[in-house]
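Notes follow once the structure below has been shown.
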2 protein chains.
Amino acid sequence: MASIKDVAAEAGVSVATVSRVLNEHPSVSADARARVLAAVAALGYRPNAVARSLRTDETRTLGLVISDVLNPYFTELARSVEEEARALGYSVIIGNADERPDLQDHHVRTLLDRRIDGLLVSPTDGGSPLMLEAARGGTPMVFVDRWIPGVDVPVVRADGRTAVRDLVAHLHRLGHRRLAIIAGPAATTTGQERVEAFREALEECGLELPDRYIGQGDFQADSGRRVTEGFLDLAEPPQVVFAADNLMALGALDAVRARGLRVPDDIALAAFDDIRWFVHTDPPITAIAQPTGELGRAAVRALVDRIEGRAPHSVTLPARLVVRRSCGEDPVTNRSQS
Amino acid sequence: MASIKDVAAEAGVSVATVSRVLNEHPSVSADARARVLAAVAALGYRPNAVARSLRTDETRTLGLVISDVLNPYFTELARSVEEEARALGYSVIIGNADERPDLQDHHVRTLLDRRIDGLLVSPTDGGSPLMLEAARGGTPMVFVDRWIPGVDVPVVRADGRTAVRDLVAHLHRLGHRRLAIIAGPAATTTGQERVEAFREALEECGLELPDRYIGQGDFQADSGRRVTEGFLDLAEPPQVVFAADNLMALGALDAVRARGLRVPDDIALAAFDDIRWFVHTDPPITAIAQPTGELGRAAVRALVDRIEGRAPHSVTLPARLVVRRSCGEDPVTNRSQS
DNA sequence: CTGAAAGCGCTTACAG
DNA sequence: CTGAAAGCGCTTACAG
């Protein structure tokens, strides 16, 4: 592959001049520029980004470590992150942690070794030594969706509290009194928050959230299935199951179906995170929708602010309830939404 | 950030010795090794992969350019690619082309500039000059899922011909005679092949595929919706719609639902590509499943073979029909499958 | 406006 | 076993 030396030789100038033309440095004569450009075209030259990065100490690359690419929520997040980054002149390398702290560390390490300019993380756990060290060690970093308390890193996330309250009010209005939740890992902020928000909302309606109605999941479908089976085995099963993410809702649906039961007649179901397929499931599923695209874009902007020396700020956006039929028919709330 | 010089100074050896320890070169004394390791730990040193790549001319990185990350098929493909690559000691950078040739070129260019060791591509179109040049210019390359004819690049893909024949036989048995297809872009191999396979299978059953029953889609949900509306507007609408990918099936479902019609009573639906949600849609959708994980792994192995100087080979794996209820009840075929 | 030269952080043939 | 040195492909302060 042609190097800058070849271009310089072909154009009859020094490599410095070639570099200046490539970087649009103003002080280059029109003649030199033309000759360089011709040589570049003739040789099909493309600058070596590796060499450039070594010299300039910037890679124009962002790392994004997410907990699970197969989760449509994160897929969409990743997509909006890449879009915004591209618009700002950055590439992004995605690391999929698969909800495994060891894999998460593997990716953080690899990304750091590659000297990415900044790191966007949705932590799988409470924060490994490596991640804490990176955050303190000056690597520009921003948390998206989930975060790690006690670390001085901006957080871009959605607040589902209001939407959860709307959901519980909706359920209460439909006559449901025994509400259960499939929780995410307690080591994640979203895992904790959604349970807390749910509990508070129940309290406002004068309802309790007994321990047997809190199932421990891990944001993956299998755990949703397992927890739901446990709920169904109870002497007094819940009337509603609220899954803290869309994959666990899928698992819950599997479990209900395997027993030959029907949603919402036998048991109601709702989920945190809305996905396109929820419109077409049997029945369509009531869900809490996050402004995913906005989150991704805001996270990139915050990170790039930090990288380029501006003050980054945390962002919290509201989530909203989308009522469908999986909790029963509600003549009051169930309008044109779908 | 500490460099190899700092480590050398701290350990009281030359940078050459540090490098040897780090690369597990055999001729290093136990004493020197111990001192270097101690210095590495003390400084929290991590080798700069950018510098190493510049020197060794290898990045241990694979590029993967896919047509649409939001398509669950490609998400799963990307995941298996990353897994296999990681197992073989490579990282992967994903570029999402969003079915746009210009974006595809953008990613290919960026990846090439970064000097990735090899490129995995599922082309969005018939092949831009850039891609053809890369293929001919010696960049190790492998096509996955889709490919570009006339280029000497190994192809790893699924052959859906048999499964499509099984599908059509199933439909015929159910009494359906007017079958339509929502095709993918003619510029993609999968877009073409699926229509051809469908047409051939129909012929075997003595059925025709008239032009009005071939709708031109682009593998995105919106096109599935639009084409399906067209079908439903026909004086004699088809009895079955076969969507050439899962997203267009989603769009078709939207369109059918918007008209207040029911699947399969008013119109039957089947899709190429199986996804988890198809079990839970209303009704569950009959689909052709690709061995996606295997495809991703085989593609990586072929690419790494090529990179490391072994002879890569093309791989074709069979797809299979998964019968559900979206085409009507079939007492013969519809057994324990789901 | 232009070029020679230094240097980014590594690896590796060469000499000892 | 070890180190000095060259060099990967760039960018950029410096001198002219």
Side-chain angles (χ1 to χ4, degrees), chain A residues 1-40 43-61 89 109-117 139, chain B residues 1-40 43-61 89 109-117 139:
Chain A
M1 188 155 288
S3 84
I4 195 169
K5 274 189 201 166
D6 303 315
V7 177
E10 171 87 11
V13 298
S14 71
V15 296
T17 297
V18 176
S19 177
R20 288 196 187 96
V21 171
L22 263 22
N23 293 293
E24 285 166 347
H25 187 98
S27 56
V28 180
S29 69
D31 177 53
R33 170 181 309 273
R35 301 224 308 280
V36 167
L37 260 18
V40 164
L43 299 173
Y45 170 73
R46 292 250 84 216
N48 183 327
V50 174
R52 183 192 301 231
S53 291
L54 178 60
R55 179 56 230 242
T56 60
D57 200 31
E58 62 172 38
T59 50
R60 287 253 132 200
T61 301
R109 205 182 327 268
T110 306
L111 259 9
L112 256 24
D113 286 356
R114 278 161 193 281
R115 302 301 192 263
I116 42 130
D117 293 339
T139 306
Chain B
M1 189 154 286
S3 84
I4 196 170
K5 274 188 198 166
D6 303 315
V7 177
E10 172 87 10
V13 298
S14 72
V15 296
T17 297
V18 176
S19 177
R20 289 198 187 94
V21 171
L22 263 23
N23 293 296
E24 285 164 348
H25 187 98
S27 58
V28 180
S29 69
D31 176 55
R33 171 182 307 276
R35 300 224 308 283
V36 167
L37 260 19
V40 165
L43 299 174
Y45 171 72
R46 295 249 84 216
N48 183 329
V50 174
R52 184 192 302 231
S53 292
L54 178 60
R55 180 55 228 244
T56 60
D57 200 30
E58 62 172 38
T59 50
R60 289 250 129 202
T61 302
R109 201 183 330 264
T110 307
L111 259 8
L112 256 25
D113 286 356
R114 280 163 191 279
R115 300 302 192 261
I116 43 131
D117 294 338
T139 306

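Within every chain, numbering begins at 1; the chains are lettered A, B, ... in the order of the sequence lines, protein sequences first and strands thereafter.
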Determine the Euclidean distance between corresponding P atoms of C:dC14 and C:dC10; express it in Å to zero decimal places. 24 Å
Using atom types as modelled, flag every donor-acceptor pair under 3.5 Å from a side chain in residues 45-52 of chain B to any protein atom, sequence neighbours excluded.
unit_1  : atom_1 : unit_2   : atom_2 : d
B:Arg46 : NH1    : A:Asp113 : OD1    : 3.1
B:Arg46 : NH1    : A:Asp113 : OD2    : 2.6
B:Asn48 : OD1    : B:Val50  : N      : 2.8
B:Asn48 : OD1    : B:Ala51  : N      : 3.2
B:Arg52 : NH1    : B:Asn23  : OD1    : 3.2

Ignoring backbone atoms, establish whether A:Ser29 has a side-chain N or O less than 4.0 Å from OP1 or OP2 of C:dC1. no
For nucleotides 6-16 of chain D, read 5' to 3', which letter fits each nucleotide if B means a protein heavy atom sits under 4.0 Å from the base, S means only the sugar-phosphate is that close, and - means neither? BBBBBBBB---
When you look at B:Arg20 and B:Thr17, which way does the side-chain contact (heavy atoms from CB on, under 4.5 Å) test go after all the steps? CA-CA 5 Å; B:Arg20 289 198 187 94; B:Thr17 297; 4.1 Å; yes
Is the backbone of A:Glu58 close enough, under 3.5 Å, to the side chain of A:Ser53 for a donor and an acceptor to pair up by distance? yes
How far apart are the C-alpha atoms of A:Arg115 and B:Met1, what are their side-chain angles, what is the distance that settles it, and do they pass the side-chain contact (heavy atoms from CB on, under 4.5 Å) test? CA-CA 10 Å; A:Arg115 302 301 192 263; B:Met1 189 154 286; 3.5 Å; yes
Close side-chain approach of B:Arg114 and B:Thr61, heavy atoms under 4.5 Å: no
Only pairs with both distances under 3.5 Å count, Watson-Crick or wobble alike; so what is the partner of C:dC14 in this structure? D:dG3
